[in-house]
Amino acid sequence: METNFILGAMAIGIGASLVMDLWNLFLKRAFNIPSLNYCLLGRWLCHMPGGTFRHATITAAPQKPFECMVGWIAHYSIGITFALVFVAFTSGGWLARPTLLPALLYGTGTVVFPFFIMQPALGLGFAASRTPKPTQARLKSLATHTVFGVGLYVCAIGVSCVL
């Protein structure tokens, strides 16, 4: 891929992650629905060098220095990575002429990562099965990743004007 497409994909990854964060802020303020605490994501990642990849419950795991910073950096790095993979799959053509459906399907599809990797590793079970309200948690994850897909599209429109 050309440098322009890599930089464009990175920009839409950051933008889509920001759109997702704004969505979660809206849910918290309007409906008192909490978002994932990215400090806990950082805690999970900070425990990995010591060989711990799975926790009975991440909230009971000892805190680590800089876990919040690590979590936020990881959140945006994951968004950038997802966008880079998406643009690579579309051979960059989508980035030049973005359409909603592929971004929406891809964004929604990324929900498999929290369902089958992150949530079980944090002690929440597969697809949030060990949470107090699994259906609500699943729907929130699905909606949030769908919003990420919308963010990919919206941000790609802006990037396509620059490319």
Drop me the distance from [X]'s [atom1] to [Y]'s [atom2], to the nearest 0.5 angstrom.
X	Y	atom1	atom2	value
L84	F89	CG	CZ	12.0 Å
T99	R97	OG1	CZ	9.5 Å
L124	L36	CG	CG	8.5 Å
L105	T146	CG	OG1	9.5 Å
Y38	I78	OH	CD1	9.0 Å
M20	S35	CE	OG	7.5 Å

>> Applying side-chain contact (heavy atoms from CB on, under 4.5 Å) to F126 and F116, what does each step give before you reach the verdict?
In response: CA-CA 6 Å; F126 286 100; F116 299 107; 3.7 Å; yes
>> Set out, in order, the CA-CA distance, both residues' side-chain angles and the distance that settles side-chain contact (heavy atoms from CB on, under 4.5 Å) for T110 and F86, then state yes or no.
In response: CA-CA 10 Å; T110 62; F86 179 62; over 6 Å; no
If you take all heavy atoms of [X] and [Y], which pair is closest and at what distance?
X	Y	result
P134	A128	CB-O, 3.4 Å
V87	T90	O-OG1, 3.0 Å
G151	A16	C-CB, 3.6 Å
Y76	I14	CE2-O, 3.6 Å

Any chain of hydrophobic side-chain contacts (each under 4.5 Å) joining [X] to [Y]?
X	Y	result
F113	I58	yes
F115	L139	no
F82	V19	no
L101	I157	no
L41	I80	yes

Mind checking whether [X] and [Y] have side chains closer than 4.5 Å, heavy atoms only?
X	Y	value
R54	P120	yes
F53	H47	no
D21	L25	no
Q63	C46	no

> Given H55 and W44, is the side-chain contact (heavy atoms from CB on, under 4.5 Å) satisfied, shown in steps?
Replying inline: CA-CA 8 Å; H55 299 268; W44 175 50; 3.8 Å; yes
> Can you pull the salt bridge (Lys or Arg N to Asp or Glu O under 4.0 Å) pairs that have at least one residue in residues 55-72, sequence neighbours excluded?
Replying inline: R43-E67
> Is there a donor-acceptor contact under 3.5 Å linking the side chains of S141 and Q119?
Replying inline: yes
> Any side-chain donor paired with an acceptor under 3.5 Å for H145 and T108?
Replying inline: no
>> Ring centres under 6.0 Å, that's the criterion: do W23 and F148 meet it?
In response: no
> Which one of I33, V147, T144 satisfies the side chain to side chain contact (heavy atoms under 4.5 Å, CB included) criterion with N24?
Replying inline: T144
> For the side chain to side chain contact (heavy atoms under 4.5 Å, CB included) test, which of L95, L104, I12 pairs with L152?
Replying inline: I12
> Can S17 and H75 be said to form a side-chain contact (heavy atoms from CB on, under 4.5 Å), step by step?
Replying inline: CA-CA 8 Å; S17 297; H75 167 60; 4.1 Å; yes
